[in-house]
Protein chains: 2
Amino acid sequence: MTKPMPELAGERAIMVAGVAMSADNCPVRDVMANVSSKWNSLILLMLGEGPKRFSVLRREIPDISQRMLTQALRDLQRDGYIHRTVFPTQPPSVEYKLTDIGQSFLNVMKQIVDWSVDHHDAIRVARANFDGKSG
Amino acid sequence: MTKPMPELAGERAIMVAGVAMSADNCPVRDVMANVSSKWNSLILLMLGEGPKRFSVLRREIPDISQRMLTQALRDLQRDGYIHRTVFPTQPPSVEYKLTDIGQSFLNVMKQIVDWSVDHHDAIRVARANFDGKSG
DNA sequence: CTGCATCCCCGCCGATACTG
DNA sequence: CAGTATCGGCGGGGATGCAG
């Protein structure tokens, strides 16, 4: 991953929700690194619509740089969330699609999306309220 | 937030999973900014066990710097995830606890934790496999 | 005990140019 | 079209010292 999240890679185990977040056994760290990473989640959402080529993703996510898209895709592939297929055309085209794990993860992610939509107003209110008091 | 996620704050709306991720109406961005932020999610998990004082959080998350803990807590408070109570003792103590929204969000987050635990092995395998081929 | 300000390093990431 | 390499800024975040 791009962000190794060194914090929990230290030594002592942090117990939270009955799960040990320790050095050599921290599942959450690995996953959260993906969720955290700026673009990964958005890419997974996009691929949730179906397999897409590099250039298509690039077009659909205008703000991402080509470099970052490449990197994010490799990270996601590395962890098994997406599968990469090269078609030996001229010029070559590369298709990315969700793996089963990626699809499974996407389902969890979608819950965050739904939650976001549901609670966005409350968050905006809280934020405005907070800024009003301290600003 | 610490990370404003400028990418989606641009202009055009990106439709994903039937949700518009655009400039002035991007719920997901606000929430993801929290999830993304290095420590926020862990702090919420900690507070899921009950209200905690600043120093307790600091002790339970040894890797976080005091500066970042302060900042993360303020961010979470700002968006209404946690409530901050100052007890006028000498020396003063400050207690943080989840709001209803924070608790609600935590429930979603816990699903990520569960998912992480369930699929950690698969991810490690995929990663090792990938590194073995390319390295 | 909590929190703020300052300094400063390091790594993310965008821009650009180049390969197959 | 897809990906790599290099340079450079800029901001995150650690260390330290100070205040209430």
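Residue numbers start from 1 in every chain, and the chains themselves are labelled A, B, ... in the order their sequence lines are given, proteins ahead of strands. Keep in mind the model is a prediction, meaning the values are calculated, not measured.
- For the helix from C:dC1-D:dG20 to C:dG20-D:dC1, the angle separating the two terminal helix axes comes to 40°, with each axis derived from five pairs and the value rounded to 10°.
- Two residues are said to be in side-chain contact when any heavy atoms from C-beta on lie closer than 4.5 Å; B:Phe130 and A:Arg74 meet this criterion.
- Contact annotation: A:Ser93 side-chain N/O to D:dA2 OP1/OP2 distance is not under 4.0 Å.
- One atom, CD of B:Gln71, and another, C1' of D:dG14, lie 12 Å apart when rounded to the nearest Å.
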Mind running side-chain contact (heavy atoms from CB on, under 4.5 Å) on B:Leu69 and B:Ile43 for me, showing each step along the way? CA-CA 9 Å; B:Leu69 179 56; B:Ile43 292 173; 3.8 Å; yes
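- When the P atom of D:dG14 is taken as reference, atom CZ of B:Arg58 falls 10 Å away, rounded to whole Å.
- Atom-to-atom, CG of B:Asp75 to C1' of C:dG3 comes out at 14 Å; the value is rounded to the nearest Å.
- The CD atom of B:Gln90 sits 14 Å away from the P atom of C:dG3 (whole-angstrom rounding).
- Taking side-chain N and O atoms only, A:Arg53 has a distance below 4.0 Å to OP1 or OP2 of D:dA2.
- Distance, B:Met68 CE to C:dC4 P: 12 Å, rounded to whole Å.
- Between the side chains of A:Asn34 and A:Asp79, at least one donor N or O lies within less than 3.5 Å of an accepting N or O.
- Residues meeting the side chain to side chain contact (heavy atoms under 4.5 Å, CB included) test with B:Pro92, sequence neighbours left out: B:Gln90.
- Qualifying side-chain hydrogen bond (donor to acceptor under 3.5 Å, both in side chains) partners for B:Gln66, counting only residues two or more places apart in sequence or in other chains: none.
- Remark: the backbone N or O of A:Arg53 is not paired with any side-chain donor or acceptor of A:Arg58 at under 3.5 angstrom.
- Take B:Arg84 and apply the side-chain hydrogen bond (donor to acceptor under 3.5 Å, both in side chains) test, not counting sequence neighbours, and it matches B:Tyr96.
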Show me the donor-acceptor pairs, under 3.5 Å and distance only, between side chains in residues 99-107 of chain B and residues at least two apart or in other chains.
from     : atom 1 : to       : atom 2 : distance (Å)
B:Thr99  : OG1    : B:Gly80  : O      : 2.5
B:Thr99  : OG1    : B:Tyr81  : O      : 3.0
B:Thr99  : OG1    : B:Ile101 : N      : 3.4
B:Thr99  : OG1    : B:Gly102 : N      : 3.0
B:Gln103 : NE2    : B:Asn107 : OD1    : 3.4
B:Ser104 : OG     : A:Trp115 : NE1    : 2.6
B:Asn107 : ND2    : B:Gln103 : O      : 3.4

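- Of the listed nucleotides (C:dG20, D:dG14, C:dC13), D:dG14 has the atom at the smallest distance from the side chain of B:Ser65.
- When the P atom of C:dG14 is taken as reference, atom CG of A:Asp63 falls 9 Å away, rounded to whole Å.
- B:Leu42 has its CG atom 14 Å from the P atom of D:dG13, to the nearest Å.
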Protein-nucleotides 3-6 of chain D N/O pairs under 3.5 Å:
from  : atom 1 : to      : atom 2 : distance (Å)
D:dG3 : OP1    : A:Arg84 : NE     : 2.8
D:dG3 : OP1    : A:Arg84 : NH2    : 2.5
D:dG3 : OP1    : A:Tyr96 : OH     : 2.8
D:dG3 : OP2    : A:Tyr96 : OH     : 3.0
D:dG3 : N7     : A:Gln66 : NE2    : 2.3
D:dG3 : O6     : A:Gln66 : NE2    : 3.4
D:dT4 : OP2    : A:Arg74 : NH2    : 3.3
D:dT4 : O4     : A:Gln66 : OE1    : 3.1
D:dT6 : O4     : A:Arg67 : NH1    : 2.9

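- D:dT16 atom P lies 18 Å from atom CG of B:Leu69, rounded to whole Å.
- Contact check, B:Ser55 against C:dT2: a side-chain N or O comes under 4.0 Å of OP1 or OP2.
- B:Leu73 has its side chain within reach of B:Leu57: a pair of non-hydrogen atoms, C-beta onward, lies under 4.5 Å apart.
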